[in-house]
Structure formats: C-alpha cells, structure tokens
Amino acid sequence: LSDLSDVETKVFLAISDLCNQTENAKTQAVLQHDLVASIERATIFRTIKKLEDCKKISKSQHRNGVYSIADSAM
C-alpha cells in the first residue's frame, strides 16, 4: 500500500473492509463508506479505475459495479 496515494489508500481500505464483510464490494457501498465520506464521487470512481488498472482490485466478470481485492494485491 505504500505506493498508493492517500485517496487511493482510503478507497482501497474501504473496498477491503466491505470485502471482509460480504466477500465483495458494490460501488454504492463504497460511495457510502465512512473512509471515503470526504472524497468527491468522481474522484472515487477515478480511483477505483486506477486501482483496477494497477491490479489492486478486480472487477466482477458477472456483475456490474462489484469489486474484490485482487490476488496480486495480497
């Protein structure tokens, strides 16, 4: 996580927290998470895309707006 910015870390931790609770993180739940409450909606979406591009998270193949922690991020 040391290579992530503060915003990227917060979004990643929010997704990680949601994955610990329910196995995956839905976009709507990420947007409502306490860790990202002060971050603009558009910034969260850009950050999710960047985390996906960096292989920190992976997008579900079967459902839209559902993410999980990528195996390579462990």
Side-chain angles (χ1 to χ4, degrees):
L1 294 179
S2 61
D3 59 332
L4 300 178
S5 71
D6 184 51
V7 170
E8 292 166 351
T9 300
K10 287 180 180 179
V11 173
F12 181 82
L13 291 174
I15 292 170
S16 178
D17 183 45
L18 292 166
C19 288
N20 285 336
Q21 296 172 24
T22 63
E23 271 188 53
N24 52 46
K26 294 182 181 178
T27 305
Q28 196 61 34
V30 175
L31 292 169
Q32 296 173 355
H33 198 281
D34 290 340
L35 286 173
V36 299
S38 63
I39 302 172
E40 297 278 335
R41 179 181 173 93
T43 302
I44 294 171
F45 280 105
R46 280 192 302 271
T47 303
I48 288 172
K49 177 67 175 139
K50 185 171 182 186
L51 290 171
E52 187 181 352
D53 290 345
C54 294
K55 309 250 186 277
K56 301 289 185 188
I57 62 173
S58 58
K59 190 175 191 178
S60 172
Q61 299 286 331
H62 308 289
R63 299 186 333 191
N64 289 333
V66 177
Y67 298 89
S68 60
I69 302 299
D71 293 336
S72 61
M74 300 289 180

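One-based numbering along the sequence shown.
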Report the distance from atom NZ of Lys55 to atom CG of Asp71, rounding to the nearest 0.5 Å.
12.0 Å
To check you understand the geometry: which heavy-atom pair defines the closest contact between Leu35 and Ile39, and what is its length?
O-CD1, 4.4 Å
Could you work out, with side chain to side chain contact (heavy atoms under 4.5 Å, CB included) as the rule, every residue matching Ser60, not counting sequence neighbours?
His62, Arg63, Val66
Rounded to the nearest 0.5 Å, how far apart are CD1 of Ile57 and NZ of Lys49?
9.5 Å
Please examine the side chains of Leu4 and Leu51, heavy atoms only from C-beta on, and report whether any two atoms are closer than 4.5 Å.
yes
Using the rule given for side chain to side chain contact (heavy atoms under 4.5 Å, CB included), can you reason through Lys56 versus Asp3, listing the C-alpha separation, both sets of side-chain angles and the distance that settles it, and then say yes or no?
CA-CA 11 Å; Lys56 301 289 185 188; Asp3 59 332; 3.5 Å; yes
Could you state the interatomic distance from CD (Glu8) to CD1 (Ile44), rounded to the nearest 0.5 Å?
13.0 Å
Within this structure, what is the CD-OG distance for the pair Glu23 and Ser68, rounded to the nearest 0.5 Å?
9.5 Å
Which pairs of donor and acceptor atoms, one on a side chain in residues 12-22, lie under 3.5 Å apart (sequence neighbours left out)?
{"from": "Asp17", "atom 1": "OD1", "to": "Gln21", "atom 2": "NE2", "distance (Å)": "3.4"}
{"from": "Asp17", "atom 1": "OD2", "to": "Gln21", "atom 2": "NE2", "distance (Å)": "3.2"}
{"from": "Asp17", "atom 1": "OD2", "to": "His33", "atom 2": "NE2", "distance (Å)": "2.7"}
{"from": "Asn20", "atom 1": "ND2", "to": "Ser16", "atom 2": "O", "distance (Å)": "3.4"}
{"from": "Thr22", "atom 1": "OG1", "to": "Leu18", "atom 2": "O", "distance (Å)": "3.1"}
{"from": "Thr22", "atom 1": "OG1", "to": "Asn24", "atom 2": "O", "distance (Å)": "2.7"}

Answer whether the closest heavy-atom distance between the side chains of Tyr67 and Val30 falls below 4.5 Å.
no
Say you draw a straight line from OG1 of Thr43 to CD1 of Ile48; how long is it, rounded to the nearest 0.5 Å?
11.0 Å
With sequence neighbours excluded, what pairs up with Gln61 under the side chain to side chain contact (heavy atoms under 4.5 Å, CB included) test?
none
